[in-house]
Structure formats: C-alpha cells, structure tokens
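These numbers come from a predicted model, not from an experiment. In listed order, ligands and their atoms are each counted from 1.
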Amino acid sequence: MSAEKRILLVSACALVDTDGRVLISQRPEGKPLAGLWEFPGGKVEPGETPEETLIRELHEELGIDTKVACLAPLTFASHSYEHFHLLMPLFVCRRFSGVPTPREGQALKWVKPNRLREFPMPPADEPLIPFLIDLL
Ligand code: C5P
C-alpha cells in the first residue's frame, strides 16, 4: 500500500423496512463505479459526524428524515482502492419519516439480505452483506 494513500471517510446506511428488506441504490452514470448497487450514504464533510452525514445524505438523496438516535452502528468496511483507502461505517436505520424516493436519478430497490449478492456492489460494500444477513 502506498504511504501517501489518504483515507476517505464515507458513511453508509442500511435502511430496513417492516418486512426486513434493505434499500440499495444504483450508482448513476457519470459517477465512479456507475451501475453498481450500494448502501445509501456519502462522504463525511469536514465538521460532520458520520451520523450527521447520513441525516444530510438521506434527506438529499432519498427525501427521508431520520435522527441520530435511530442510527445504530453495525460494522465498517475498510477497502483499499487505487487512489485512497476507504473507511466506511455502516449504520442500520429502521425508523425514518417519508418514503425513499430517488432524488438524483438513481434506481432504488428493497432487497432481502440473502438476495443482496444478486446485485453487483462496489468491493467495499460486498463484505458488509453477511453482517446484514446475521442481523436480519
Ligand atoms: O459516493 P461517492 O462517489 O462520493 O464516494 C466516493 C468513493 O467511495 C467512490 O468513488 C467509491 O470508490 C467509494 N464508495 C464505495 N461504496 C459506497 C460509497 C462510496 O466503495 N457505498
């Protein structure tokens, strides 16, 4: 691993519905890793906690609202990409208001955890699947 490789902190969320399904979002054309399915979230901006990032991103990307108390940390991904090392805490959220709606042209799907492997994901996200299968 390169000594200069920086750490990128991204916060991700497994939204869970009352049937125990998890929401995944397809990265739109024009973004790195376009077409792959991921857990919603985004980069932690300076001054934000990972929970604050999710509250902001879930509102911006999906039009839903939640609170810090509704975000339970589950595990984190740690993956080396070519130009950075990604550190990505995964939170689980079962309580939110509103109906997730694609606000950035992305496709959305509610999927049972044991079917998540049918959807190609970025290499950082894939190792998170067993944690969701165990939990749900
Ligand atoms: O979403 P965004 O493009 O800001 O994320 C920055 C980088 O983090 C992506 O290019 C991708 O390499 C990585 N990422 C990931 N899995 C996610 C979100 C981001 O591997 N769920």
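Taking every non-hydrogen atom of Pro32 and a distance limit under 4.0 Å, the qualifying atoms of ligand 1 come out as 10 (O). The contact set between ligand 1 and Leu8, taken as ligand atoms under 4.0 Å from a residue heavy atom, comprises 6 (C), 7 (C), 8 (O). Ligand 1 places these atoms under 4.0 Å from at least one heavy atom of Glu38: 17 (C), 18 (C), 21 (N). Within ligand 1, the atoms closer than 4.0 Å to a non-hydrogen atom of Lys31 are 1 (O), numbered from 1 in the order shown. Atoms of ligand 1 found under 4.0 Å from any heavy atom of Ala124, numbered from 1 in the order shown, are 20 (O). Atom numbering of ligand 1 starts at 1 in the shown order; those under 4.0 Å from a heavy atom of Leu33 are 11 (C), 12 (O).
Leu128 and Val10 fall within the same hydrophobic cluster, defined by Ile, Leu, Val, Met, Phe, Trp and Tyr side-chain heavy atoms under 4.5 Å apart, directly or through other members.
Using a 4.5 Å heavy-atom threshold, the side chains of Thr101 and Leu108 count as separate. A 4.5 Å side-chain heavy-atom check between Val111 and Val22 finds every atom pair outside the cut-off. The shortest distance between side-chain heavy atoms of Met88 and Asp125 falls below 4.5 Å.
Nearest heavy-atom pair across Leu116 and Met121 is CD2-CE, 4.2 Å. Considering every non-hydrogen atom in both Trp110 and Pro100, the closest pair reads CZ2-CG, 3.8 Å.
Take Glu60 and apply the salt bridge (charged side-chain N to carboxylate O under 4.0 Å, His left out) test, not counting sequence neighbours, and it matches Arg56.
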Exercise for the section: Output, in order, the C-alpha distance, side-chain angles, deciding distance and verdict of ring pair (Phe, Tyr, Trp, His ring centres under 6.0 Å) for His79 and Tyr81. Expected result: CA-CA 6 Å; His79 182 82; Tyr81 284 103; 4.7 Å; yes
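Considering only non-hydrogen protein atoms, atom 4 (O) of ligand 1 sits nearest to Lys43 NZ, 3.1 Å. In terms of protein heavy atoms, atom 20 (O) of ligand 1 is closest to Tyr81 OH, 2.5 Å. Scanning all protein heavy atoms for the shortest distance to atom 21 (N) of ligand 1 gives Asp125 OD2, 2.9 Å. With hydrogens left out, the protein atom closest to atom 14 (N) of ligand 1 is Leu86 CD2, 3.9 Å, a heavy atom.
The shortest heavy-atom distance from Arg27 to ligand 1 is under 4.0 Å. Not close to ligand 1: His79, with no non-hydrogen atom less than 4.0 angstrom away.
Contacts between Phe84 and ligand 1 below 4.0 angstrom, taking non-hydrogen atoms only, involve the side chain exclusively.
A donor-acceptor contact under 3.5 angstrom links the side chains of Thr53 and Glu48, judged on distance only.
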